[in-house]
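From a predicted model like this one, the values you see are computed outputs, not experimental measurements.
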Amino acid sequence: MIKIRNRSAFLLLLPGVLAILLFLFFPVIQIALPTFAGHFGLSNYITFLQSHYNQGVLIRTLIIAFITMIITLTLGLPLSVWIARQRSTVRNLLSVVILFPILTNAVVRNFTWIIILGKNGVLNTLLLKLNFIDQPLTLLYSDMAIVIGSVYLFLPIMVTSLVSSVQELNVEVEEAAAILGSRPLVTFFKVMIPQLTTGILTGCILVFAGAMTAYTTPQLLGGNRHLVMSTLIYQQAMTLGDWSSASVVAIILIILTVLVLGMMRLVAKQLDRRSVND
């Protein structure tokens, strides 16, 4: 019976495994193999990493992804707690409202930010009329514009991943902390946050990976002067026609994203161990 069950489980998993190998790993291998041509097979990567311009693009990509993750977590955590503590009808309505922007095309949403952040946009016009500034600010085509667009893009994902975790919280633990004299902020950071480690990690992984690999938002809001890794891939491949360099950038982006996500998982495990020991 055990052998039959194992065989049935294997047969059920086989189509999924084949699909992953065919549509995920095989394309990555196809991209990676040409990049190892040359002296010692790593010359293309060494050349890329030695370039100060490429280093700047790499660092900018990491910084934007981290800032986006921190801001979405900071905004999404209290919002998700508030949504999760509402009545079921109100909670479902708010969840739909939160998810509604995702149903709109990313290009349309980014063009909205172009209208808002442009030199003659809504924000500059308002600040000029209120006499807060003497001349329009350069908000568009900057790293800040990319961060704003990315936060708007990924905040619903962070909130959605956290709401489900907040709903599973043990309210009795919070009540016990309040009875023992714990202040609301202390209860929030020392009682609630440790219980939300899984949800926070899931949201951070989704937001960080999305911000690292996003193309539309950096292209429309950052322009050609503020390239990130994804827009650099497009420039190398489609504008310059250098598919080998584009493949190198793509592989470095994949490796870097996997390494950072792995480090985040290790940090989360350490936090879990500390919370258990405490």
Side-chain angles (χ1 to χ4, degrees), residues 48-49 51-77 79 98 100-127 133 136-161 203-240 245-246 248-250 252-261 264:
F48 175 86
L49 295 174
S51 171
H52 293 291
Y53 179 80
N54 294 333
Q55 292 173 10
V57 173
L58 186 60
I59 293 171
R60 181 184 297 115
T61 305
L62 282 170
I63 291 175
I64 289 174
F66 271 115
I67 292 176
T68 301
M69 182 186 70
I70 295 300
I71 294 177
T72 53
L73 180 60
T74 304
L75 296 176
L77 191 55
L79 181 59
I98 289 293
F100 182 76
I102 299 179
L103 302 178
T104 308
N105 189 279
V107 176
V108 176
R109 284 180 283 171
N110 287 313
F111 269 114
T112 304
W113 282 110
I114 291 175
I115 296 172
I116 295 173
L117 299 176
K119 283 196 173 182
N120 298 319
V122 176
L123 185 57
N124 271 318
T125 302
L126 179 62
L127 293 175
I133 56 175
L137 301 174
T138 305
L139 303 174
L140 194 60
Y141 305 126
S142 63
D143 292 344
M144 183 181 68
I146 299 175
V147 171
I148 292 173
S150 299
V151 169
Y152 176 73
L153 186 66
F154 295 110
L155 182 59
I157 298 175
M158 178 66 77
V159 172
T160 303
S161 63
C204 288
I205 287 176
L206 292 174
V207 172
F208 182 84
M212 278 284 291
T213 57
Y215 169 76
T216 305
T217 299
Q219 180 64 36
L220 294 178
L221 301 182
N224 294 324
R225 293 185 178 181
H226 297 270
L227 293 179
V228 294
M229 295 290 281
S230 57
T231 52
L232 181 61
I233 293 172
Y234 181 86
Q235 183 190 73
Q236 294 291 329
M238 306 305 296
T239 304
L240 302 178
S245 296
V248 170
V249 179
I252 290 176
L253 179 59
I254 292 171
I255 294 173
L256 188 63
T257 304
V258 171
L259 287 176
V260 174
L261 295 181
M264 290 170 60

Determine whether Leu62 and Phe208 satisfy the following criterion, side chain to side chain contact (heavy atoms under 4.5 Å, CB included), listing intermediate values before the conclusion.
CA-CA 9 Å; Leu62 282 170; Phe208 182 84; 4.1 Å; yes
Please give me the minimum heavy-atom distance between [X] and [Y], naming the atom from each residue.
X      : Y      : result
Leu140 : Ala145 : CA-CB, 4.2 Å
Leu137 : Lys119 : O-CG, 4.2 Å
Ser161 : Gly203 : OG-CA, 3.3 Å
Ile102 : Pro156 : CD1-CB, 3.7 Å

For the [atom1] atom of [X] and the [atom2] atom of [Y], what is their distance to the nearest 0.5 Å?
X      : Y      : atom1 : atom2 : answer
Thr61  : Leu256 : OG1   : CG    : 8.5 Å
Leu220 : Arg109 : CG    : CZ    : 12.0 Å
Trp113 : Leu139 : CH2   : CG    : 10.5 Å
Leu232 : Leu227 : CG    : CG    : 6.0 Å
Leu73  : Met158 : CG    : CE    : 5.0 Å
Leu117 : Thr138 : CG    : OG1   : 11.5 Å

Check this for me: Phe111, atom CZ, are more than 12 non-hydrogen atoms of other residues, nucleotides or ligands nearer than 6.0 Å?
no
| said: Can you tell me if Asn120 has over 12 outside heavy atoms packed within less than 6.0 Å of its CG? | reply: no
For the pair [X] (side chain) and [Y] (backbone), establish whether a donor and an acceptor sit closer than 3.5 Å, ignoring hydrogens and angles.
X      : Y      : value
Thr72  : Met69  : yes
Asp143 : Ile64  : no
Ser230 : Ala214 : yes
Asn54  : Leu49  : no
Ser51  : Phe48  : no
His226 : Pro218 : no

query = So do Ile98 and Leu79 actually touch side chain to side chain, heavy atoms under 4.5 Å?
reply = yes
Query raised in the report: Is Tyr152 close to Thr112 at the side-chain level, that is, under 4.5 Å between some pair of heavy atoms?
Result: no
message: Under the criterion side chain to side chain contact (heavy atoms under 4.5 Å, CB included), I'd like the reasoning laid out for Asn224 against Gln219: C-alpha separation, chi angles, the key distance, then a yes or no.
response: CA-CA 7 Å; Asn224 294 324; Gln219 180 64 36; 3.9 Å; yes
*asked:* For Asn110 and Ile114: C-alpha separation, side-chain torsions, deciding distance, then whether side chain to side chain contact (heavy atoms under 4.5 Å, CB included) applies.
replied: CA-CA 6 Å; Asn110 287 313; Ile114 291 175; 5.6 Å; no
